[in-house]
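Per chain, numbering begins at 1; letters A, B, ... match sequence-line order.
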Protein chains: 2
Amino acid sequence: MADKQRRKPGETREKLMNAALALVGKGRHFASLGIREVTRQAGVVPTSFYRHFRNMDDLGLQLVDELGLVLRKMMREARANVLQADKLIDESVGIFIAHARNNRSFFMFMAQGLAGESRAVQEGIRSEMRYFASELANDLRRLKLADHLSDADLDMTCDLVVRSVAFSLTDILVISPEDEYQEEQVRKRTARFLQLIFVGAANWKSHPD
Amino acid sequence: MADKQRRKPGETREKLMNAALALVGKGRHFASLGIREVTRQAGVVPTSFYRHFRNMDDLGLQLVDELGLVLRKMMREARANVLQADKLIDESVGIFIAHARNNRSFFMFMAQGLAGESRAVQEGIRSEMRYFASELANDLRRLKLADHLSDADLDMTCDLVVRSVAFSLTDILVISPEDEYQEEQVRKRTARFLQLIFVGAANWKSHPD
DNA sequence: CACATTAGTGAACACTTGTACACATCAGTA
DNA sequence: TACTGATGTGTACAAGTGTTCACTAATGTG
């Protein structure tokens, strides 16, 4: 019988999650993946799937958790690299796009999941986005960049920022990963969106007409 | 044999498209639908499918075309009802949400398709959004509401507006259709997003800091 | 070391899937 | 009226599906 030693605990589990991501990265939609297909891609017998997941939705949920880690890592990097306020937007967008490029499948999964089949996955991703927006609000508060805004207005602004960046995912993910020119276009456009939003925030309620 | 008379030309075609939409409306993802499933829902024998579509992607493309009609109808209604500039945002968002409610399945299909499996459907929906944004820019130009903006900046603003509204789809479509309170919340939040964007546009390049 | 638990395997099941084929019935046209 | 093409139906089949079962090797704990 083919060697059965599980070298590390949770190795197969990881193989299955990576297999699902790989298929998503190849253009498949997560909702259309089947258990057999994923196990085949992972090089594992179909039965093994059930040792780690109850069904595909369950696997999706666990992918959302890992997605959370990726996002937090991205946030940490942004906090470490964005030192001057005037470069804040360009730097952040740059970091975001770099991560989207390096974790293409993950971000594809995220974009798919927002309107996906599983309500739980949907809610998980929305929750990640809310968390991200609230952390962004905290940062801006800490940097004293939005003192004139009420908490609610700052939250709204950050919500809109996160949504706009998230929507840019659909821009990045349709262009080929090597097409640096198009990537640069998306980068510029996303940055201008954020500038527009921040100009709005800066003048919010002060010159609302 | 069951009666075979096709009462109207293209009746089965319509039945199949409606069946796919109905399944999407029930929470299924378009990418996970199969030919047999759709024909079953339509009350039609599987073979009939091939008389009208080459495969599910083809059906999706034709749905995008119909989606275009829905969007244009919405745009017409907005143009007819939005008479005063100061009510522009609230009225438009209201009309959008009303249409999203009345064509729930269609808009679900749209939200799904943005990160869907078929590149062609994806491009079709993005194209509809671009058209929508450019029409919005024309309207604003005509109403002299954005004279201080360059064409490029106005286009960017409208692009961001359309994206923000489109993203609100994911908010509307997760709440139950009867939950009027939550719907009102989404309505308010979307309107505030747009206000923020327009404040940004109004101050764009005039007081950018 | 003995033993319970975990994580792997292969065979089998009942069912669904996409697609092909031959055939039937309608609508329109020459 | 006879023909033609479009649209509908039923049957068939090979391939793929999710899931269960009994079995086995490795791991960690007493």
(message) Please give me the minimum heavy-atom distance between Q112(B) and R28(B), naming the atom from each residue.
(response)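 Scanning both residues completely, I find the closest heavy atoms to be NE2-O, 3.0 Å.
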Report the distance from atom [atom1] of [X] to atom [atom2] of [N], rounded to the nearest whole Å.
{"X": "H52(B)", "N": "dG5(D)", "atom1": "NE2", "atom2": "P", "result": "18 Å"}
{"X": "R54(B)", "N": "dG18(C)", "atom1": "CZ", "atom2": "P", "result": "16 Å"}
{"X": "E11(B)", "N": "dT25(C)", "atom1": "CD", "atom2": "P", "result": "19 Å"}
{"X": "E14(A)", "N": "dA7(C)", "atom1": "CD", "atom2": "P", "result": "14 Å"}
{"X": "L59(A)", "N": "dG18(D)", "atom1": "CG", "atom2": "P", "result": "12 Å"}
{"X": "M56(A)", "N": "dG16(D)", "atom1": "CE", "atom2": "C1'", "result": "16 Å"}
{"X": "K15(B)", "N": "dT7(D)", "atom1": "NZ", "atom2": "P", "result": "14 Å"}
{"X": "I35(A)", "N": "dC13(C)", "atom1": "CD1", "atom2": "C1'", "result": "16 Å"}

Nearest-nucleotide pick for [X], side chain only, options being [options]:
{"X": "T47(A)", "options": "dG18(C), dT9(D), dA11(C)", "result": "dA11(C)"}
{"X": "V45(B)", "options": "dT9(C), dT9(D), dT19(C)", "result": "dT9(D)"}
{"X": "S48(A)", "options": "dG10(D), dT19(D), dT9(C)", "result": "dT9(C)"}
{"X": "R36(A)", "options": "dG16(D), dT19(D), dT9(D)", "result": "dT19(D)"}
{"X": "E37(A)", "options": "dT17(D), dT19(C), dT9(D)", "result": "dT17(D)"}
{"X": "R40(A)", "options": "dA7(C), dG18(D), dG16(D)", "result": "dG16(D)"}

(message) Ignoring hydrogens and geometry beyond distance, is a side-chain donor-acceptor pair present between Q62(A) and H52(A) at under 3.5 Å?
(response)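 Q62(A) vs H52(A): no donor-acceptor pair found between side chains.
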(request) Verify the distance criterion only: is there a donor paired with an acceptor across the side chains of S150(B) and D153(B) at less than 3.5 Å? (result)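 Side chains of S150(B) and D153(B): pair found under 3.5 Å.
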(message) Could you check whether R101(B) makes a cation-pi contact with F96(B), meaning its NZ or CZ is under 6.0 Å from the centre of the six-membered ring and within 45° of the ring axis?
(response)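 Negative - R101(B) is either too far from the ring of F96(B) or too far off its axis.
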(request) Quickly, which of R142(A), R72(A), R79(A) forms a salt bridge (Lys or Arg N to Asp or Glu O under 4.0 Å) with E135(A)? Name it, please. (result)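 Passing option: R79(A).
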(message) Within the 4.0 Å heavy-atom criterion, would you say F49(B) contacts the bases, only the backbone, or no part of the nucleic acid?
(response)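 Touches nothing.
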(message) Side-chain N or O of Y50(A) versus OP1/OP2 of dT19(D): is the shortest distance under 4.0 Å?
(response)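 Yes, within the criterion.
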